[in-house]
Enquirer: 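My questions will all concern the structure given below.
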2 protein chains.
Amino acid sequence: MATTKGVSEPIASWDPYERGCPSRDLLDQIGSKWAVLVLGELGKHGACRFTQLRQRLTGVSEKMLTQTLRTLERDGLVRRTVYPEVPVRVEYELTPLGQTLREPLRALTEWSVRHVTEVLAAREEYDARSENAG
Amino acid sequence: MATTKGVSEPIASWDPYERGCPSRDLLDQIGSKWAVLVLGELGKHGACRFTQLRQRLTGVSEKMLTQTLRTLERDGLVRRTVYPEVPVRVEYELTPLGQTLREPLRALTEWSVRHVTEVLAAREEYDARSENAG
DNA sequence: CGGTATCCACAGGGATACTG
DNA sequence: CAGTATCCCTGTGGATACCG
């Protein structure tokens, strides 16, 4: 799972609208389904354990939660701390870098909550028109 | 192709952290790879034609661009206007609802551009440590 | 020009079982 | 508790060809 390191890969551009641009890939990462939710949870509750996250993010599989946390840790957004107790305890929390993502992500989440009814209405109208035209 | 309309589906919750919540799905939609970029382009340049978008979003296939635009149109975020000329001209632009997404999305995009170097550095460090640790 | 239709490969992601 | 390993299926998304 070492993923491609790409340390010496030529960087075509820093414009996120260009393919192969690191910031476009990054944008894709942090905007991904579970990353948004994990980051949001850690932003709201502070340090969380694995099981807490799994319970709060209804429907996430262990595999995806682990995978998401590993990626976030690798990207320096989340810090993973192991407490060598028995049984072992592991806590996840936002790094300072991760903290800087709180506000943008919170804004996006709030948008989706505030405007979901409008979107739902738009869908119904679109579907209704498709039937008539269709 | 009518996708599930889900008009009468029971809504479990409006908390985006709950599975099956419409706002969580919506968050997933607007955060998706191409939707972010399409919305961003339309936010920057105003009305755009299909071919313009395809050229600016380097690497997007016609299929995905069409699919993304259809979803955004159905969600009421993008308006599609057909000018019955020969050859036909089609323009896409943000609706008022879509406009309200500009700022949150711009903030997120800016974040990824501003912090990409830190993330890249974090990855190298993480990978280096993984090698040492075996 | 601006799509739609079809085929196909592959990765994302779920379910389950097992381990330090 | 906090994962890892495995299997397997679906959806994503590319390539190609054709239509209004």
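All of these numbers come straight from a predicted model, not from anything done at the bench. Residue numbers start from 1 in every chain, and the chains themselves are labelled A, B, ... in the order their sequence lines are given, proteins ahead of strands. The figures here come from the full heavy-atom set of this structure, side chains too, leaving out hydrogens, waters and symmetry mates.
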Enquirer: How bent is the helix from C:dC1-D:dG20 to C:dG20-D:dC1, comparing axes over its five end pairs at each side, to the nearest 10°?
Expert: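 Roughly 50° between the end axes, to the nearest 10°.
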Enquirer: How long is the straight-line distance from OG1 of B:Thr81 back to CD of B:Glu93, given to the nearest 0.5 Å?
Expert: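 The CD atom of B:Glu93 sits 5.0 Å away from the OG1 atom of B:Thr81.
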Enquirer: Testing B:Glu62, B:Met64, B:Lys63, B:Arg56 one by one against B:Val60 for a side chain to side chain contact (heavy atoms under 4.5 Å, CB included), which residue passes?
Expert: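 The side chain to side chain contact (heavy atoms under 4.5 Å, CB included) with B:Val60 is passed solely by B:Met64 among B:Glu62, B:Met64, B:Lys63, B:Arg56.
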Enquirer: Atom CG in A:Leu105, atom CD1 in A:Ile30: separation rounded to 0.5 Å?
Expert: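 Here the rounded value is 6.5 Å.
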Enquirer: Would you mind reading off the distance between B:Leu65 atom CG and C:dG2 atom P, rounded to a whole angstrom?
Expert: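 Distance, rounded to whole Å: 11 Å.
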Enquirer: Output the rounded distance in Å from CG (B:Leu53) to C1' (C:dC1).
Expert: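 Rounded to whole Å, this separation is 14 Å.
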Enquirer: For nucleotides 12-16 of chain C, list the nitrogen or oxygen atoms of the protein found under 3.5 Å from its nitrogen or oxygen atoms, one pair per line.
Expert:
unit_1, atom_1, unit_2, atom_2, d
C:dG13, N7, A:Lys63, NZ, 2.8
C:dG13, O6, A:Lys63, NZ, 3.3
C:dG14, OP2, A:Ser61, OG, 3.3
C:dG14, O6, A:Lys63, NZ, 2.5

Enquirer: Looking only at heavy atoms, which two atoms of A:Gly59 and A:Trp34 are closest? And how far apart?
Expert: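 Minimum heavy-atom separation between A:Gly59 and A:Trp34: C-CH2, 3.9 Å.
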Enquirer: In whole angstroms, how far is the P atom of C:dG2 from the CD atom of B:Gln52?
Expert: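 The distance from CD of B:Gln52 to P of C:dG2 comes to 8 Å, rounded to the nearest Å.
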Enquirer: Rounded to the nearest 0.5 Å, what's the gap from OH on A:Tyr92 to CZ on A:Arg49? Could you check?
Expert: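 CZ of A:Arg49 is found 11.0 Å from OH of A:Tyr92.
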Enquirer: What residue pairs, at least two apart or across chains, pass salt bridge (charged side-chain N to carboxylate O under 4.0 Å, His left out) with a residue in residues 82-91 of chain B?
Expert: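 Only B:Glu85-B:Arg89, B:Arg89-B:Glu91 qualify under salt bridge (charged side-chain N to carboxylate O under 4.0 Å, His left out).
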Enquirer: From the list C:dT4, D:dG20, D:dG3, which nucleotide is the closest neighbour of the side chain of A:Tyr92?
Expert: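 Nearest to the side-chain atoms of A:Tyr92, counting from C-beta on, is D:dG3.
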Enquirer: Nearest to the side chain of B:Val88 - C:dG2, D:dA2, C:dT4?
Expert: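 The answer is C:dG2.
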Enquirer: If you check every side-chain atom of A:Thr51, which of C:dT4, D:dG3, D:dA2 has the closest atom?
Expert: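 The answer is D:dA2.
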Enquirer: Please identify which of these residues, B:Leu72, B:Leu77, B:Leu39, B:Val38, meets the side chain to side chain contact (heavy atoms under 4.5 Å, CB included) condition with B:Leu94.
Expert: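 The passing option is B:Leu39.
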Enquirer: Counting just side-chain N and O atoms, does A:Arg89 come under 4.0 Å of either OP1 or OP2 of D:dA2?
Expert: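 False: A:Arg89 side-chain N/O out of range (4.0 Å or more) of D:dA2 OP1/OP2.
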Enquirer: So which heavy atom on B:Val82 is nearest to which on B:Pro84, and how close?
Expert: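 That closest heavy-atom pairing would be O-CD, 3.5 Å.
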Enquirer: Would you classify B:Arg54 as touching base, sugar-phosphate or nothing, given that sugar-phosphate means primed atoms plus P, OP1 and OP2, and contacts are heavy atoms under 4.0 Å?
Expert: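 It contacts nothing in the nucleic acid.
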Enquirer: What integer distance in Å separates A:Arg80:CZ from D:dC1:C1'?
Expert: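 Rounded to the whole Å, the gap is 12 Å.
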Enquirer: How many Å lie between CZ on B:Arg70 and C1' on C:dA5, as a whole number?
Expert: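 My rounded result for the distance is 14 Å.
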Enquirer: Quick one: closest heavy-atom pair of A:Leu97 and A:Asp75, and the distance?
Expert: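 So the two residues come closest at CD2-O, 4.1 Å.
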